[in-house]
Each structure stands twice: as structure tokens, then as C-alpha cells.
Amino acid sequence: MSRSAGSRRLFQAVVAGLGLLASPFTAEACTRAVYIGSDGVVITGRNMDWNEDMRANLWAFPRGLARDGAAGPGSPTWRSKYGSVAVSVYDMGVADGMNERGLVANMLFLADSNYGQLNGKPPLSMSLWAQYALDNFATVDEAVAALQAEPFRLVTATLPNGLTASLHLSLSDASGDSAIFEYVDGKLVIHHGRQFQVMTNDPTFDQQLAISAYWAGVGGPTFLPGTNRAADRFARASYLIKSLPNAVKPQFIAAVPGQSYVNQAAAGVRSVMHNVSSPFGYELPGGGYASTTLWTTVSDQKSKVYFFDSAASPNTFWVPLADLDLKEGAPVRKLTLDGGKVYSGNAAAKFEPAEPLHFLEVKP
């Protein structure tokens, strides 16, 4: 690409981003950021922003679970290779989670998604996209190698609040590798590399990268955009996640549980996610849709600890995957959050046996 062509592309993307700034707020506004530190510490933070209670619950899925694509005849079938902890929304699909190998999956809204036609591929319900990755892959490399061959085509559906499930998927692993999966104009686009640490919503990821490049030129310490629109959150999260220390911070370590670097890093990631969150119950002047951060997850991919922070709860709790029974033949277990349940500390023992999650069935 020539310099003039590259400059033109950057300008077009920034204009698109500024167009987003001028547009009304929408209901979709999540953020995901990956911290890559020293000593093998990798932590993924994620905010779930939405315009109503999504009735989230946590699930412990053991190895060996039989799955199907929940999209009618021809849907793919598989057995889970890896156990995982995951967050369900509306008790009809998984939006977030981490498996026992440290692979993290986060699904975020992308209004520009276009999944195209099946073209003879097996159909997979959108409700299973993230869980398919958690069940089948230990690393991002494995996931990219398998998914770029398009072993299925996604079929979406209408959510209980009337919006179409229009999503893109991010994966990160314990090595710090990342990949973003989007369907643009009916075609799968994959951005794969450790440099892809941050993802928000619209526009498509290539334009997010160009907008971020613009703000990097302005300079984070000088000025960062401050609204909760996707382009602004991408710029803030990109700067802040890379500003966290990658070693023990002597000034603060005495306040950190266990005085450990990994806990310091997890606290730092949680702080970054709070910086790009939307106040709970936020309302737009004059009405209209507004996103509010419902919950935040922080996945410690080295220690395999999954932190959950509900904006409506006074406590953050965590789930060490080592404290869950994820071996083949173990029961599915559920930690009920719906209804304002409150937990604190290590909540692994609070999971209770449950019927398997019923993923949303769709028709191609």
C-alpha cells in the first residue's frame, strides 16, 4: 500500500469514527482488553454493557459434554475436549468464559455483522459460537487453524429485547495471542496476532485499528477521548492496558492480596475496565437507548482464575478453575446470579448441580 493510500484509509476510518461520535448512543457497548505482562502473566478483561438486565448466570461445564449446533438438521455435533467456566445471558447462550487451558472467549456486539448464506456449510446457532471455541481449542493458533476453514456458518436470532444477535468474537490464550473473528459482507475476516489486544463494537475491527492509530499520534498522556462510544473506549483501553506496570509496583504491592504480581496485574486490568465502563443505570438526556455496564470479567490465564464483578453487587468474587470438578462425567454446575444473588471471595464451592444450559435453537 502506498503512503498516500494508507493516509487515505486512515482518514476514512477516522471520519467513520467521528461519525460514530455524532450518532445517537445505541444499546451495544462492550469492551475487551488483554494485558500481557512479565513472568507469563496474561489477563483478559471484559465489560458487558447492555440496555437491560441480561439475567446472567455462571456455569461450570466439564469435559466430555455432548453438544450440537442447535440449528436444525445438519448442525455440527461434538464433545467438549476442555472444561470451562462461562457466563450465560438470558439463559440461552454463552457470551464469555475461560477454559481449563486458559483460552478466553468474549462475544461483543457488532451491528455491521453480515453472516452470509450457509453455502452448504453446517449451521451453528450464534448462542454456541463462544462455547464451541471453549470446548474445542486450547490456543488461539488452534482456533484460527480450525475456524478459518469455516467448519460451520453462523445463524443468528432475535434476542428477548428485540435486537438481532449481531456479534463478533474475540479469543485470547495463556501465551498472550489474540484473534478477532468478524463476518463482514458475508465473509469471515480474522485478525490474528498478539498486537490485537483491544476490541470494542462498531465499526469493523480494521477501522477500529485505524482510529486507534490516529489517537496514538495525538498522544495518550496529552489527551484521550472520554465518551463511552466505541471508538473512544477503544482509544482509552488501548492506551491504558499498555500503561500498566509489568512487574511488582513497590508503592502498592503491600495492599495486594498475597502481595503477588499476578494479583496486582488483575487489579490493574479491573481498573482499566472500570475506566471504559458506563455508569450503572445511565440514562440519556431526552430518553433513548443507553448502554450500562452490567458486569465485568477478569480472566487470569496463567493461574486459571475467573473474576466476576457485577455492577449491581457490592462484591467481586472469583472462581479458580482448579477448584471446580471439570473431569469427564462430572455434572454440569451452575452459580445463580440472576435475581441479585451476592457472592464474595472464592465462589467455586457455591456452584450447584444443574440441568445443562439450553442453548437458543434457531432456524437457518
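Values reported hereafter were calculated over all heavy atoms of this structure, with side chains retained and with hydrogens, waters and symmetry mates removed.
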More than 12 heavy atoms of other residues, nucleotides or ligands under 6.0 Å from CD of Gln117: yes or no? no
Spatial distance of atom CG (Leu169) from atom CG (Leu171) [nearest 0.5 Å]: 4.5 Å
Determine yes or no for a side-chain-to-main-chain donor-acceptor pair under 3.5 angstrom, with Ser313 supplying the side chain and Asn315 the backbone. yes
Do Thr200 and Arg233 have side-chain atoms, one donor and one acceptor, less than 3.5 Å apart? no
Any chance you could lay out the salt bridge (Lys or Arg N to Asp or Glu O under 4.0 Å) test for Asp325 and Arg333, step after step, and finish with the verdict? CA-CA 9 Å; Asp325 184 1; Arg333 292 180 178 271; 5.9 Å; no
Any luck finding a side-chain donor-acceptor pair between Asp49 and Ser278 under 3.5 Å? no
Under a 4.5 Å cut-off applied to non-hydrogen side-chain atoms, are Trp59 and Val332 in contact? yes
Is there a path from Leu128 to Met98 through hydrophobic residues (I, L, V, M, F, W, Y) whose side chains come within less than 4.5 Å of each other? yes
Do Arg67 and Phe61 form a cation-pi contact, if we require the NZ or CZ to be under 6.0 Å from the six-membered ring centre and within 45 degrees of the ring's axis? yes
Which heavy atom in Pro122 sits nearest to a heavy atom in Pro76, and how many Å separate them? CB-CD, 3.8 Å
Phe308 vs Leu337 side-chain heavy atoms within contact, under 4.5 Å: yes
With sequence neighbours left out, write down each residue that passes side chain to side chain contact (heavy atoms under 4.5 Å, CB included) with Pro245, or none if nothing qualifies. Lys249, Gln264
Which pairs count as side-chain hydrogen bond (donor to acceptor under 3.5 Å, both in side chains) when at least one residue sits in residues 339-352, sequence neighbours excluded? Asp323-Asn346
Is it the case that the side chain of Thr44 and the backbone of Arg32 share a donor-acceptor pair, with hydrogens and angles ignored and the cut-off at 3.5 Å? no
Run Tyr35 and Val272 through side chain to side chain contact (heavy atoms under 4.5 Å, CB included) and show every step you take. CA-CA 10 Å; Tyr35 168 82; Val272 170; over 6 Å; no
Gap between atom CE of Met126 and atom CG of Leu167 - 0.5 Å precision: 5.0 Å
Of Asp309, Asn106, Thr296, which meets side-chain hydrogen bond (donor to acceptor under 3.5 Å, both in side chains) against Asn47? Thr296
Euclidean distance, Thr297 OG1 relative to Trp318 CH2, rounded to 0.5 Å: 16.0 Å
Under 3.5 Å donor-acceptor, Ser125 side chain and Ser127 backbone: yes
Mind checking whether Phe109 and Trp50 have parallel, tilted or perpendicular rings, split at 30° and 60°? tilted
Polar side chain donor-acceptor pair, Ser175 to Asp173, under 3.5 angstrom: yes
Mind checking the CD-NE2 spacing from Glu182 to His168? Nearest 0.5 Å is all I need. 5.5 Å
Quick one: do Leu103 and Leu124 end up in the same hydrophobic cluster if we chain Ile, Leu, Val, Met, Phe, Trp and Tyr together by side-chain heavy atoms under 4.5 Å apart? yes
Distance-minimising heavy-atom pair for Leu360 and Ala157: CD2-CB, 3.7 Å
Same apolar cluster (I L V M F W Y, side chains within < 4.5 Å links), Val34/Val298: no
Any Asp177 side-chain heavy atom under 4.5 Å of His192 side chain: yes
So, do Val85 and Leu321 sit near enough that their side-chain heavy atoms are less than 4.5 Å apart? yes
Answer yes or no: does atom CD of Gln195 have more than 12 heavy-atom neighbours from other residues, nucleotides or ligands under 6.0 Å? yes
Nearest heavy-atom contact between Gly83 and Leu326 is C-CD1, 4.0 Å
Which of these passes salt bridge (charged side-chain N to carboxylate O under 4.0 Å, His left out) with Glu100: Lys304, Lys81, Lys327, Arg63? Arg63
Membership question, hydrophobic clusters at under 4.5 Å side-chain separation (ILVMFWY): are Trp78 and Tyr82 in the same one? no
Short side-chain donor-acceptor distance under 3.5 Å, Ser170 and Arg46: no
Can you find a heavy atom in the side chain of Phe181 that is under 4.5 Å from one in the side chain of Leu154? no
Answer with yes or no whether the hydrophobic clustering places Val184 together with Leu188; edges join I, L, V, M, F, W, Y residues whose side-chain heavy atoms lie under 4.5 Å apart. no
In this structure, CG of Asn136 is separated from CD of Glu142 (nearest 0.5 Å) by 9.5 Å
Smallest separation among heavy atoms of Ser113 and Ser166, with atom names: CB-OG, 3.3 Å
I'd like to check Phe351 versus Val319 (side-chain heavy atoms, cut-off strictly below 4.5 Å). Are they in contact? yes
Asp96 and Trp295: CA distance, side-chain angles, deciding distance, side chain to side chain contact (heavy atoms under 4.5 Å, CB included) verdict: CA-CA 11 Å; Asp96 197 273; Trp295 44 263; 4.0 Å; yes
Tell me yes or no: between the side chains of Tyr239 and Asn275, is some donor less than 3.5 Å from an acceptor? no
With no hydrogens and no angle check, is any side-chain donor or acceptor of Tyr261 less than 3.5 Å from a backbone partner on Val41? no
So which heavy atom on Asn99 is nearest to which on Leu134, and how close? ND2-O, 3.0 Å
Distance-only, no hydrogens or angles: does the Asp185 side chain make a donor-acceptor pair with backbone N or O of Asn114 under 3.5 Å? no
Mind running side chain to side chain contact (heavy atoms under 4.5 Å, CB included) on Leu58 and Phe317 for me, showing each step along the way? CA-CA 12 Å; Leu58 260 65; Phe317 66 87; 3.9 Å; yes
Hey, does Arg101 have a side-chain heavy atom less than 4.5 Å from the side chain of Thr139? no
How long is the span from the OG atom in Ser75 to the CD atom in Glu361, to the nearest 0.5 Å? 9.0 Å
Hey, is the main chain of Pro257 close enough, under 3.5 Å, to the side chain of Asn263 for a donor-acceptor pair? yes
Any donor-acceptor pair under 3.5 Å linking the side-chain atoms of Ser84 with those of Gln131? yes
Could you check whether any side-chain heavy atom of Met107 comes within less than 4.5 Å of a side-chain heavy atom of Trp129, counting everything from C-beta outward? yes
Donor-acceptor under 3.5 Å (Thr156 side chain, Ala165 main chain): yes
If you look at every heavy atom in Arg79 and Gly64, which pair is closest and at what distance? NH1-O, 2.8 Å
Go through the steps for Met199 and Leu108 under the test side chain to side chain contact (heavy atoms under 4.5 Å, CB included), then give the verdict. CA-CA 8 Å; Met199 184 174 87; Leu108 283 68; 3.7 Å; yes
